[in-house]
Amino acid sequence: MPTLNSSKVEITTFFLIGIPGLEHFHIWISIPICLMYLVAILGNCTILFVIGTEPSLHAHMYYFLSMLAISDLGLSLSSLPTMLWIFALNATGISPNACFAQEFFIHGFTDLESSVLLVMSFDRFLAICNPLRYSSILPNARVAKIDVAFLIKSILLVLPFPFTLKRLTYCRKSLLSHSYCRHQDVMKLACSDNTFNFFYGFFVVLCMRTDSVFIAVFYIFILKTVMGIGSHKERLKALNTCVSHICAVLIFYVPIIALASMHRFGKLKSPLAMILIADIFLLVPPLMNHIVYCVKTQQIREKVLGKFGLN
C-alpha cells in the first residue's frame, strides 16, 4: 500500500484495507457482503414502514424498535460505500474529508444504537418490575421525546470528531487498519499533537461502556423480580418478553467486548481477527436485529407477513 514517509508532505489520501492475505478473493467476498447489506437495508426499511403504517403498533416498544432500525440503517449506509469499493472494485483510497464524514456517521449511529438498547432495557425493566405504573411513566409523548433526545445526544457527542481530526496534520502514514474509517485509527496517523482527540475519544467510549453497565443493572433487577414469581410458566412468559432485546444486546456488544479484549491482552491480538470482528460489528447487527424481532415478536411478524400477503 502506498505511504508517504516525508515529514514535510501532507497526506491527501488515506488507504483502507480489506482482508489481508485474501485480496485475490475480494471480488467473491463482495457478493455475500452485498447480500448482507441488501437484506439489512430492506429489512430495516420494512420494519420502519410497517410500524409507521400500522396504528396497532404505535406503542412504546415499537417506537424504540423504530429507533433501533434507524440506527441499524444508518450504520449500513455509512459503511456501505467503502466496503463495496474495497471488496468489489479494489479501490482503497479515500479523501480525508470523506473519511472524517464517514467516521462521524459510524460513531454517531453506534452511540445511538447503544442508547436505544439502554432505553429498551429500561422499558423492559418497567414492564416487568413496575407494570402498574408502566403507562404513566412512559406515555407515548414521552417516548417520542426520549427518542429525539437520544438522537440529538448522539449527534452532539461525536460532532467534535471530524473537526478535531481535520485540524491535525497527517504527513507520515496513510494506511488505516480497517475497511472503514474509525476515529482511533485516523487519530493515530497524525504527526501533530493528538492529545485532545485521545482523551475525547476515550470519553465517548466511556459513555458507551456506561450504557452497557446500566443495561446489566436493569437486567439484574429484572431477573430478581422474575425469580420472585411463583409460577414457572409465568416466569418463562416474563423472560420471553426480553429475549429479542437480549439477542440485540449480545449481537451489538459481543464484537465490542472481543475487540477490547484483544487490545487489552497482547497474546490475543491478531490483526486478521481484529479486522474480521470489526467488519462483523458493522455487518451483523443491522442484518440480524430486524430478523430477531420479526421471529420473536408475534405482532411484528404478523403485520410484516400481512403486508406481503403471506398471512
Side-chain angles (χ1 to χ4, degrees), residues 1-2 13-49 68-95 98-114 117 174-186 247-260 262 270-295 304:
M1 287 294 175
T13 303
F14 294 142
F15 293 93
L16 302 162
I17 62 173
I19 302 178
L22 298 178
E23 288 83 1
H24 295 299
F25 298 96
H26 277 182
I27 187 64
W28 297 107
I29 296 173
S30 69
I31 296 174
I33 288 177
C34 285
L35 291 175
M36 292 172 75
Y37 273 121
L38 184 63
V39 172
I41 292 171
L42 290 178
N44 286 295
C45 286
T46 301
I47 290 288
L48 290 171
F49 173 73
L68 188 65
I70 289 172
S71 62
D72 284 335
L73 197 58
L75 281 176
S76 293
L77 294 175
S78 300
S79 57
L80 176 63
T82 54
M83 283 274 203
L84 292 186
W85 289 339
I86 290 171
F87 290 101
L89 305 175
N90 198 32
T92 59
I94 184 172
S95 69
C99 190
F100 302 154
Q102 185 186 46
E103 62 87 22
F104 165 75
F105 285 110
I106 287 177
H107 287 293
F109 284 113
T110 299
D111 180 77
L112 178 61
E113 181 140 347
S114 177
L117 290 173
S174 60
L175 182 62
L176 295 164
S177 57
H178 294 288
S179 54
Y180 54 90
C181 294
R182 297 172 67 244
H183 177 262
Q184 298 91 324
D185 287 339
V186 178
C247 290
V249 169
L250 292 176
I251 289 168
F252 180 76
Y253 280 107
V254 166
I256 294 177
I257 294 171
L259 282 174
M262 287 184 173
S270 164
L272 178 59
M274 293 179 69
I275 290 170
L276 290 174
I277 293 174
D279 288 346
I280 287 171
F281 169 69
L282 285 188
L283 289 169
V284 174
L287 174 70
M288 293 303 300
N289 284 339
H290 65 276
I291 295 175
V292 168
Y293 273 93
C294 282
V295 170
V304 170

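Every residue meeting the ring pair (Phe, Tyr, Trp, His ring centres under 6.0 Å) condition with His107, not counting sequence neighbours, appears here in chain and number order: Phe161. Not counting sequence neighbours, the partners of Val254 by the side chain to side chain contact (heavy atoms under 4.5 Å, CB included) test are Leu250. Under the side-chain hydrogen bond (donor to acceptor under 3.5 Å, both in side chains) criterion, Ser95 pairs with no residue, sequence neighbours left out. Annotation: salt bridge (Lys or Arg N to Asp or Glu O under 4.0 Å) contacts of Asp111 (sequence neighbours excluded): Lys153. Listed by chain and number, the residues in a ring pair (Phe, Tyr, Trp, His ring centres under 6.0 Å) with Tyr180 are His178 (sequence neighbours excluded). Contacts of Tyr293 classified as ring pair (Phe, Tyr, Trp, His ring centres under 6.0 Å), with partners at least two apart in sequence or in another chain: none. For Phe109, there are no ring pair (Phe, Tyr, Trp, His ring centres under 6.0 Å) partners, not counting sequence neighbours.
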Which donor-acceptor pairs under 3.5 Å do the side chains of residues 41-49 make with protein atoms, sequence neighbours left out?
from	atom 1	to	atom 2	distance (Å)
Asn44	ND2	Ala40	O	2.8
Asn44	ND2	Pro286	O	3.1
Thr46	OG1	Leu42	O	2.7

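Minimum heavy-atom separation, Cys247 to Val292: CB-CG1, 3.9 Å. Taking every heavy atom of both residues into account, Ser179 and Leu16 meet most closely at O-CD1, 3.9 Å. Cys181 and Glu103 get closest at one heavy-atom pair: O-CB, 3.4 Å. The minimum heavy-atom distance between Ile251 and Pro285, with the atom names listed, is CG2-CA, 3.5 Å. For the residue pair Ile86 and Thr92, the shortest heavy atom distance occurs at CG1-CA, 4.3 Å. Of all heavy-atom pairs spanning Ile17 and Pro20, the tightest one is CD1-CG, 4.3 Å.
Counting heavy atoms from C-beta on, the side chains of Thr110 and Phe281 come closer than 4.5 Å. Taking the side chain as every heavy atom from C-beta outward, Ser114 and Phe252 approach each other to under 4.5 Å. The side-chain heavy atoms of Leu176 and Cys99, taken from C-beta on, include a pair separated by under 4.5 Å.
The CG atom of Leu84 lies 7.5 Å from the CD1 atom of Ile33; values are rounded to the nearest 0.5 Å. Distance check, rounded to the nearest 0.5 Å: CG of Leu75 to CG of Leu283 gives 10.5 Å. Atom-to-atom distance recorded for Ile277:CD1 and Leu272:CG is 9.5 Å, nearest 0.5 angstrom.
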Would Leu68 and His290 count as a side-chain contact (heavy atoms from CB on, under 4.5 Å) here? Give the steps. CA-CA 9 Å; Leu68 188 65; His290 65 276; over 6 Å; no
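Pairs of residues two or more places apart, or lying in two chains, never qualify as side chain to side chain donor-acceptor pair (under 3.5 Å) while including a residue from residues 15-36. Screening residues 68-91 for side chain to side chain donor-acceptor pair (under 3.5 Å), with sequence neighbours left out, gives Tyr37-Ser79, Ser71-Glu113, Asp72-Asn289, Thr82-Gln102.
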